[in-house]
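First the structure, in the form of structure tokens, and then the observations on it.
Keep in mind that what you see is a predicted model, and the values were worked out from it rather than measured. In what follows, chains carry the letters A, B, and so on, assigned in the order in which the sequence lines appear, proteins first and then strands, with residues in each chain numbered from 1.
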Amino acid sequence: MSNQDAGKDAAAQRILAAIRAIPRGQVAGYGEVARRAGLPGRARLVARLLSQNDDRDLPWHRVLRSDGRIAFPEGSKGFREQSQRLRAEGVRVEAGRVRGQRAAATLDEQMWGDGMLAPPASARPVRKSRAASTGGKRARS
DNA sequence: CTAGTGACGACGA
DNA sequence: ATCGTCGCCACTA
């Protein structure tokens with residue numbers, strides 16, 4: 001296995017850890033999870049991982065889009081599954097959208113919350129550390 | 001190398 | 001709040 005493979009795997013493990021760190025009844029956005037994992041700008045990587053994931057243990061249902069919407073198309077199998085699992089935890093889901101909390105923002109606060117420990121962010125740029133500026137103003141007018 | 005695709009994210013209209 | 005467009009990443013053809 002090459003270094004790249006190892007690095008990819010490490011990133012994957014970190015992402016999985018970040019997802020498992022989401023408290024029951026709480027939710028987080030893909031981008032938030034990626035950031036928490038030290039992979040800013042890799043929201044899509046998180047999504048790809050989940051699509052590949054098969055671990056029933058993983059609380060994947062707590063990961064939503066940044067706008068609080070479930071990422072699956074309404075009515076799809078995954079959609080129903082996720083909605084059900086979320087509601088089972090007491091999360092209010094309506095019209096494919098989670099109400100009661102804003103997906104994300106709370107993650108870090110829940111873990112390290114009010115000055116509990118050092119900033120996790122630690123921002124382990126792992127590498128690459130690109131701008132990761134998701135959506136940098138196009139020149140459209 | 002270019003194009004297309006996807007459990008994404010942000011911004012402008 | 002909704003929609004369309006653009007940006008970024010990782011992967012596949």
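Here the side chain of Arg48(A) is nearest to one of dC8(B), dA10(C), dT2(C), namely dA10(C). Here the nucleotide nearest the side chain of Ser51(A), chosen from dG9(B), dA10(C), dA7(B), is dA7(B). The side chain of Ser66(A) has dG9(B) as its nearest neighbour among dG9(B), dA7(B), dT2(C). The side chain of Leu50(A) lies closest to dA7(B), out of dG9(B), dA7(B), dA10(C).
Note: CD (Glu32(A)) to P (dA7(B)) measures 21 Å, nearest angstrom. Going from atom OH of Tyr30(A) over to atom P of dA10(B) covers 14 Å, rounded to whole Å. Put simply, CG on Leu39(A) is 17 Å from P on dC8(B), counting in whole angstrom units. Rounded to whole Å, the distance from CG on Leu45(A) to P on dG6(B) is 17 Å. Between Lys8(A) atom NZ and dC9(C) atom P the separation is 17 Å, expressed in whole Å. The nearest whole Å value for the distance from the CG atom in Asn53(A) to the P atom in dG6(B) is 19 Å. Following rounding to the nearest Å, Ile15(A) (CD1) and dA7(B) (C1') show an atom-to-atom distance of 13 Å. Atom CD in Gln52(A) sits about 20 Å away from atom P in dC9(C), given to the nearest Å.
Proximity of Arg14(A) to Arg36(A): side-chain heavy atoms (C-beta onward) are nowhere separated by under 4.5 Å. Counting heavy atoms from C-beta on, the side chains of Leu50(A) and Ile19(A) come closer than 4.5 Å. Taking 4.5 Å as the limit, some side-chain heavy atom of Arg20(A) sits within range of a side-chain heavy atom of Asp55(A).
Here the side chain of Arg87(A) pairs a donor or acceptor atom with the backbone of Val93(A) at under 3.5 angstrom.
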Could you go over nucleotides 3-5 of chain B and give all protein N or O partners under 3.5 Å, atom names and distances?
none

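In this structure, Gly78(A) reaches neither bases nor backbone, as no heavy-atom distance under 4.0 Å exists between it and the strands shown.
A 6.0 Å sphere centred on CD of Gln84(A) holds no more than 12 heavy atoms belonging to other residues, nucleotides or ligands.
Applying the 4.0 Å criterion to OP1 and OP2 of dA10(C), one finds that Arg42(A) has a side-chain N or O inside that range. Put simply, Arg97(A) has a side-chain N or O that comes within less than 4.0 Å of OP1 or OP2 on dT2(C).
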With side chain to side chain contact (heavy atoms under 4.5 Å, CB included) as the criterion, how do Arg35(A) and Leu39(A) come out once you've worked through the C-alpha distance, each side chain's angles and the decisive distance to 0.1 Å? CA-CA 5 Å; Arg35(A) 183 181 301 190; Leu39(A) 300 164; over 6 Å; no
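Look at Glu81(A) and Arg56(A) and you find a salt bridge, because one of the NZ, NE, NH1 or NH2 atoms lies within 4.0 Å of a carboxylate O, short of that distance.
Summarising the geometry of Gln82(A) relative to Leu64(A), their closest heavy-atom pair is NE2-CD2, 3.5 Å, with the distance given to 0.1 Å. Nearest approach of Gly29(A) to Val63(A), heavy atoms of both residues: C-CG1, 4.3 Å.
Side-chain atoms of Arg44(A) and base atoms of dC9(C) include no donor and acceptor less than 3.5 Å apart.
Side-chain atoms of His61(A) and Glu89(A) form a donor-acceptor pair, as typed in the model, at a separation below 3.5 Å.
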When Watson-Crick pairs (N1 to N3 and N6-O4 or O6-N4) and G-U wobble pairs (N1-O2 and O6-N3) count only below 3.5 Å on both distances, what is the dot-bracket string of DNA chain B, with | for other-strand pairs? .|||||.||||||
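To the nearest whole angstrom, the two C1' atoms, one in dA7(B) and one in dA13(C), are 22 Å apart.
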